[in-house]
Structures are given as C-alpha cells and as structure tokens.
Amino acid sequence: MATTSSPSALRRRRAATTGFHVGAGALAALWLLPIALVLVTSLRSFDDIATHGLGSWPHSFTFGNFRQAWIDGGQQRALINSLLVTVPAVLVTLALAAMAAFALSRYALPFRRSLLLLMLGGNLLPPQILLIPVSKLSELMGVYDTLPALIGVQIGFGVGFYVFVLHGFMRAIPAEIQQAAVIDGAGPWHIFWRIVLPLTRPALAALSALSFTWVFNDLLWAITVLRSDTKMPITAALIGLQGQYVSMWNVIAAGSVIAAVPTVAVFLRFQRHFVAGLNLGAVK
C-alpha cells in the first residue's frame with residue numbers, strides 16, 4: 001500500500017536539499033576565491049596594487065604583466081622545458097605501463113603477483129628518502145643537470161603506479177575476446193594493439209590527464225637533478241620569478257596563470273574520458 005509523505009517531511013526534505021546546495025555553493029565559492037584573486041591580480045598594474053593594496057577593488061587593467069613574466073621573467077623558456085619533459089615522460093611511461101600491464105594481466109607469467117606488489121610498494125616509499133640517491137646516481141651516469149635525467153626520473157617513478165592501475169582494467173576484459181582472436185590467428189602484439197588497448201582507452205585517457213598534471217607540476221625532482229636556470233621547468237622557474245620580482249605580485253600572479261594554463265587545457269580536453277575512467281574503475 002502506497003503512502004504519501006507528510007507536509008512536515010516534505011518541508012524537512014526541501015530544507016535539507018536547500019541547505020546542501022547552499023553549503024556546496026559556499027564551499028565552491030571559497031575554493032574559487034584564491035583563483036579569482038590571482039586572475040584579478042595578474043591584470044592589475046603595480047602602481048594600482050601599491051596604492052590601493054593587494055585585496056582592494058582593481059582600478060587598472062593591463063596585459064603587460066603577462067608579457068613581462070613571459071619574456072623578462074623567463075616563463076617562455078621554462079614552459080618549453082616543461083613540455084620537453086612532460087610530453088615524452090607521459091608517452092613513454094604510459095606505453096611501457098600498458099605493455100607491462102598487458103603481459104601481467106593476460107598471461108600466466110611467473111612471479112607476476114610479486115612483481116605487482118613490488119611495483120605498488122615502490123610507490124608507497126616517500127620520495128624524500130630517494131633524493132640523494134637519485135642525485136648521486138644521475139651524477140655517476142653523467143646526465144646530471146640535463147632534461148633527459150629528469151625525464152628518466154619521471155618515467156621510473158611513474159611506471160609502477162600506472163602498471164598497477166592498468167592491470168586492473170585489462171584483467172577485467174573477458175578472456176573470450178582474446179581466445180577468439182587467438183583462434184583467428186592473432187598474435188600477442190595484434191591482440192594488444194588492436195583489441196586490448198582500445199578497450200582500455202578510458203583508463204589511458206584518465207591516466208594521461210593525471211600523469212601530465214603530476215609531471216608538469218612537479219618541483220621536487222626538478223630541483224634535485226637540475227641546476228641551471230635555463231633548464232628549469234616552469235614550476236621551478238616560478239620560484240625564481242618570486243625572487244626576481246619579490247614585491248611585484250602582479251607579475252608573479254601572471255606567471256602563475258601561465259603555468260596553470262597547460263594543465264587546465266589538458267584536463268578540459270580529456271574531461272569526458274577522465275570521468276568515464278573513474279566511473280569504470282568504481283564499477284570494477
């Protein structure tokens with residue numbers, strides 16, 4: 001027998017829904033407030049900030065801060081360095097991780113569970129305890145203060161986690177698909193490239209966005225294996241920008257906006273695949 005809710009229960013439900021939306025909106029506004037402050041500061045002149053204060057209503061509007069940070073502050077060179085490190089690191093890491101996850105998930109390799117646990121355990125180590133060994137190893141190999149050294153570090157510390165994630169996705173693919181391909185004469189490479197890899201595209205897209213963000217925004221390994229200012233990525237260059245323009249908050253804010261643009265663009269580009277990958281992982 002169907003029952004109808006009482007007016008008091010409906011009012012409580014509406015009040016709870018309204019309270020939730022108000023609270024969520026307040027939290028979103030609180031989270032966006034610093035971002036809005038940085039954007040507004042990046043468009044103000046130095047005289048405006050010095051006269052009225054950093055938190056005052058803007059009285060000027062200029063794009064000269066971006067030019068100053070881009071050219072005089074070295075953000076152009078730093079952004080190129082970041083892309084030269086991030087793009088190869090992401091592509092190579094995901095390629096190696098996909099092939100390793102395919103082998104570990106689709107074939108009965110010896111010690112495969114131990115290998116997965118070893119890869120997972122390596123990601124649980126705090127990176128701070130490895131700073132000196134990584135620095136010394138790069139010096140012994142003769143690659144210290146070079147971009148390939150930073151690329152190698154990012155690849156080495158990213159493969160294990162990505163293998164662990166992709167292994168779960170690939171293992172859930174029905175074995176009948178692979179068996180049918182084998183009957184049709186497909187080899188391991190054909191199965192990987194033509195069948196398994198397209199089915200894991202949501203996971204690869206999600207990991208691509210995450211990997212790009214992590215590598216692009218990394219600061220710790222950059223200042224560990226690099227020394228020259230001309231080779232620093234954009235996160236490390238922001239520290240130099242703060243030292244160069246110590247009191248010019250408008251230029252520093254402009255440099256921060258420039259540094260954030262690539263990661264935001266990548267996330268917006270892969271947003272649909274990223275959400276699909278998260279939902280697929282939640283169902284599994």
Side-chain angles (χ1 to χ4, degrees), residues 18-87 127-128 131 145 147 150 154 209-210 212-271 274:
T18 303
F20 171 78
H21 287 294
V22 171
L27 288 175
L30 185 63
W31 186 83
L32 291 173
L33 182 61
I35 300 177
L37 179 61
V38 172
L39 288 174
V40 172
T41 303
S42 66
L43 297 172
R44 298 175 64 182
S45 65
F46 175 76
D47 294 336
D48 181 12
I49 297 176
T51 302
H52 301 93
L54 186 63
S56 64
W57 190 260
H59 295 78
S60 61
F61 182 87
T62 177
F63 286 104
N65 303 322
F66 292 94
R67 183 185 181 279
Q68 192 169 0
W70 182 254
I71 299 177
D72 300 335
Q75 293 294 96
Q76 180 182 11
R77 181 185 63 249
L79 181 60
I80 294 175
N81 292 337
S82 292
L83 294 177
L84 289 176
V85 171
T86 304
V87 174
Q128 289 79 5
L131 295 181
D145 196 27
L147 294 182
L150 184 56
Q154 297 292 354
L210 288 175
F212 187 93
T213 302
W214 291 340
V215 176
F216 190 89
N217 292 332
D218 176 71
L219 172 65
L220 186 62
W221 296 118
I223 60 178
T224 300
V225 300
L226 298 178
R227 180 175 54 195
S228 303
D229 293 337
T230 56
K231 298 177 182 178
M232 288 294 179
I234 198 164
T235 48
L238 280 176
I239 299 178
L241 192 68
Q242 293 177 6
Q244 183 178 357
Y245 299 95
V246 61
S247 61
M248 300 182 65
W249 293 105
N250 52 336
V251 179
I252 298 174
S256 301
V257 173
I258 293 173
V261 167
T263 53
V264 173
V266 169
F267 177 78
L268 294 177
R269 173 62 181 84
F270 290 96
Q271 182 180 13
F274 180 75

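Here the shortest heavy-atom pairing between S256 and L238 reads N-CD2, 3.8 Å. The nearest pair of heavy atoms linking L79 to P262 is CD1-CG, 3.8 Å. Considering every non-hydrogen atom in both L241 and G73, the closest pair reads CD1-CA, 3.7 Å.
Interatomic distance, D47 CG to T62 OG1, rounded to the nearest 0.5 Å: 11.0 Å. Separating the CD1 atom in I49 from the CG atom in N250 is a distance of 4.5 Å, to the nearest 0.5 Å. The CD1 atom of I239 sits 12.0 Å away from the CD1 atom of I252 when rounded to the nearest 0.5 Å. Here the CD-CD distance, from Q68 to Q75, works out to 11.5 Å after rounding to the nearest 0.5 Å. One distance of note links CD1 of I80 with CD1 of I234; it measures 10.0 Å at 0.5 Å rounding.
In this structure, V264 and L268 have side chains that are in contact, with non-hydrogen atoms separated by less than 4.5 Å. In this structure the side chain of F216 never reaches within 4.5 angstrom of the side chain of V87, judged on heavy atoms. Within the 4.5 Å cutoff, side-chain heavy atoms of W70 are placed close to those of I258.
Partners of T224 according to the side-chain contact (heavy atoms from CB on, under 4.5 Å) rule, which considers only residues two or more places apart in sequence or in another chain, are L131, S135, W221. Shown here are the ring pair (Phe, Tyr, Trp, His ring centres under 6.0 Å) partners of F20, two or more places apart in sequence or in another chain: there are none. For N217, the side-chain hydrogen bond (donor to acceptor under 3.5 Å, both in side chains) criterion is met by no residue, not counting sequence neighbours. L39 meets the side-chain contact (heavy atoms from CB on, under 4.5 Å) test with I35, V257; sequence neighbours excluded. Partners of W214 by side-chain contact (heavy atoms from CB on, under 4.5 Å), not counting sequence neighbours, listed by chain and number: F161, Y162, L210. Applying the ring pair (Phe, Tyr, Trp, His ring centres under 6.0 Å) criterion to F66, with sequence neighbours excluded, gives no partner residue. By the side-chain contact (heavy atoms from CB on, under 4.5 Å) test, A236 pairs with L219, I223, M232, P233, sequence neighbours left out. The side-chain hydrogen bond (donor to acceptor under 3.5 Å, both in side chains) check on Q154 picks up D218, with sequence neighbours excluded.
Put simply, the side chain of N65 never gets that close to the backbone of A253: no donor and acceptor are under 3.5 Å apart.
The salt bridge (Lys or Arg N to Asp or Glu O under 4.0 Å) contacts involving residues 220-248 comprise nothing, where partners must be two or more places apart or lie in separate chains. Residues in residues 18-35 take part in no side chain to side chain donor-acceptor pair (under 3.5 Å) pair, two or more places apart or across chains. Applying the side chain to side chain donor-acceptor pair (under 3.5 Å) test to pairs two or more places apart or on separate chains, those with a residue in residues 33-46 are R44-D48, R44-S56, S45-S60. Applying the salt bridge (Lys or Arg N to Asp or Glu O under 4.0 Å) test to every pair with at least one member in residues 71-86, sequence neighbours left out, gives no pairs at all.
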task = Show your reasoning for whether side chain to side chain contact (heavy atoms under 4.5 Å, CB included) applies to T213 and V266.
result = CA-CA 8 Å; T213 302; V266 169; 5.7 Å; no
